[in-house]
Amino acid sequence: MKKVITYGTYDLLHQGHINLLQRAKALGDYLIVGVTNDNFDRERGKLNVVNNVLERVDAVKATGLADKIIIEDYFGQKIDDIQRYGADIFAIGSDWEGKFDYLNEYCQVVYLPRTEGISSTQLREKKQKRIRIGIAGCGLIARRFVPESRFVNGIEIAGVYDIDSTTGSTFAASHSIAKSYPSLDAMLHDTDAIYISTPHLSHYEYSRRALEAGKHVLCEIPLALEKAQAEELYALANSKGLTLMEAHKTAHCPAFNHLMAMIKSGAIGEVVDIEASLSRLLPDRSRREFDPTQAGGSMYESAVYPLLPIFKLLGTCYNTLHIYSRMENGVDIYTKGVMHYPKAICSFKIGLGVKTEGNLVISGTKGYAYVQAPWWKTDYFELRYEDLNQNKKYFYKWDGEGLRYEIHEWISCIINKRSSNARLSQDESIAMAGVMQQFTERRNFTEI
Ligand code: CTP
């Protein structure tokens, strides 16, 4: 029996796929079809796939052409599969001409004619209305946002707004963005969604104005410095069917998400202690980060990062939080928070003027997870146990600045009309604002 193996994403299954499968099947007696897993697609930069892997497998199954369907999970798997299934022919569309010649060592490689004029990419673009995005605030982070947004399909950066019109127009010109708007309202009028990357104190107001104007919002951290403000914003977004997301990069980090899923599935037993730390020494004290009138300081700048693993694993209902800070000229250059949960204890450390070992350690009854700095954008972590033979290291891909992951999730929420996402729930984001507020009000607070 001659076995043929072929691979693809098969998103929004179309005639081109069917023709390819027919041609592949005709090469032998038995056809194995490898369908890419969602994670694998994400890893190789294909962030915009509409159907999830189960839907795509069902679609391939429904063609009746595949004798066996397998999932492609990792780079290098094709060689393993060819050997495991004893495939005689590896077949793929001619758009891949030459790319799989290295498989000739294992079986015959055949490039089949591709069907002209149709592709999943085209179908996705037709299906989705282009989302017009406006950027409010043209600083450092916005500069990273623009190139990262190019990895996400179906969007267009339609314009920018900056309180300083020269900054806005220079930014627009240097990033080939069509328009720099004279006011936020003018930009809101012309766009479907806005990304807010202005200084902290404008986040709440800009988000509220955008939501009131019926626009989706991706707002840089921290979304709000008061719990009630965060609650109000999410309630507003929910009532209008809009997607409001706090731009929390770590929440969308593939390695971090897998770590959370493994721990929630019991990989280290019951979680009893979490220690999370993050520091960034900034020598220039004239920066906004040190200005008390602009919500400077470690807490407002960075606390949402260490709070994420704590809230994800232990929830937002802690018994107490005590905050210890070293203050300098009205801002905390270092803060340590100690949180007591009914059956766990956690601490987080953040610093702009004090350097800490920036790792994340999650201790459980069966073992612990160790993520070295920079754990907030990690591509690697370890699970460690009493029996060292059980220790395991996990490696992932973290592309570019990593903003593409959060942008992709935001757009996917907008397209699929999801107001909330599991990676950073509204409750978690609101609880983060609650911690900021406790600090502002100096409740359970000790200066050191
Ligand atoms: N294919 C084809 N003719 C097309 C489209 C795809 O023969 N018009 C083939 C590809 O060469 C590949 C298989 O179908 O062998 C699965 O391809 P996939 O990447 O899933 O499809 P595309 O439509 O090319 O997807 P995308 O636009 O996301 O790249």
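As the structure is a prediction and not an experimental result, all values here were calculated from the model. Here, residue 1 is the first one in the sequence, and each next residue gets the next number. As the structure lists them, so they are numbered: ligands from 1, and atoms in each ligand from 1.
The shortest N or O to N or O distance between H17 and ligand 1 is below 3.5 Å. Residue S94 has no nitrogen or oxygen atom sitting less than 3.5 Å from a nitrogen or oxygen atom of ligand 1, judged on distance alone.
The aromatic ring centroids of Y385 and Y368 lie 6.0 Å or more from each other. Ring to ring, F100 and Y111 are not that close: their centroids are 6.0 angstrom or more apart.
Distance check: I69 CD1 to I32 CD1 gives 11.5 Å after rounding to the nearest 0.5 Å.
Contacts with ligand 1 closer than 4.0 Å are made by no heavy atom of E116, backbone or side chain. Here Q122 has no heavy atoms under 4.0 Å from ligand 1, in either its backbone or its side chain.
Per-residue contacts place S119 under 4.0 angstrom from the following atoms of ligand 1 (heavy atoms of the residue considered): 23 (O), 27 (O). Using a 4.0 Å cut-off to heavy atoms of S120, the atoms of ligand 1 that qualify are 21 (O), 22 (P), 23 (O), 25 (O), 26 (P), 27 (O), 28 (O). For ligand 1, the atoms lying closer than 4.0 Å to a non-hydrogen atom of D95 are 10 (C), 11 (O). In summary, the atoms of ligand 1 found under 4.0 Å from a heavy atom of I118, numbered by their order in the structure, are 4 (C), 5 (C), 8 (N). The contact set between ligand 1 and G93, taken as ligand atoms under 4.0 Å from a residue heavy atom, comprises 11 (O), 15 (O).
Taking the six-membered ring where tryptophan is involved, the planes of F311 and Y318 are essentially parallel, since the angle between them stays under 30° and well short of 60°.
Cation-pi geometry between K78 and F90 is not met: the NZ or CZ atom fails to fall both under 6.0 Å from the ring centre and inside 45° of the normal.
Put simply, the side chain of L383 does not reach to within 4.5 Å of the side chain of Y370, judged on heavy atoms. Looking at Y405 and I407, their side chains never come closer than 4.5 Å, going by heavy atoms from C-beta outward.
Contact annotation: Q15 has no heavy atom less than 4.0 Å from any atom of ligand 1.
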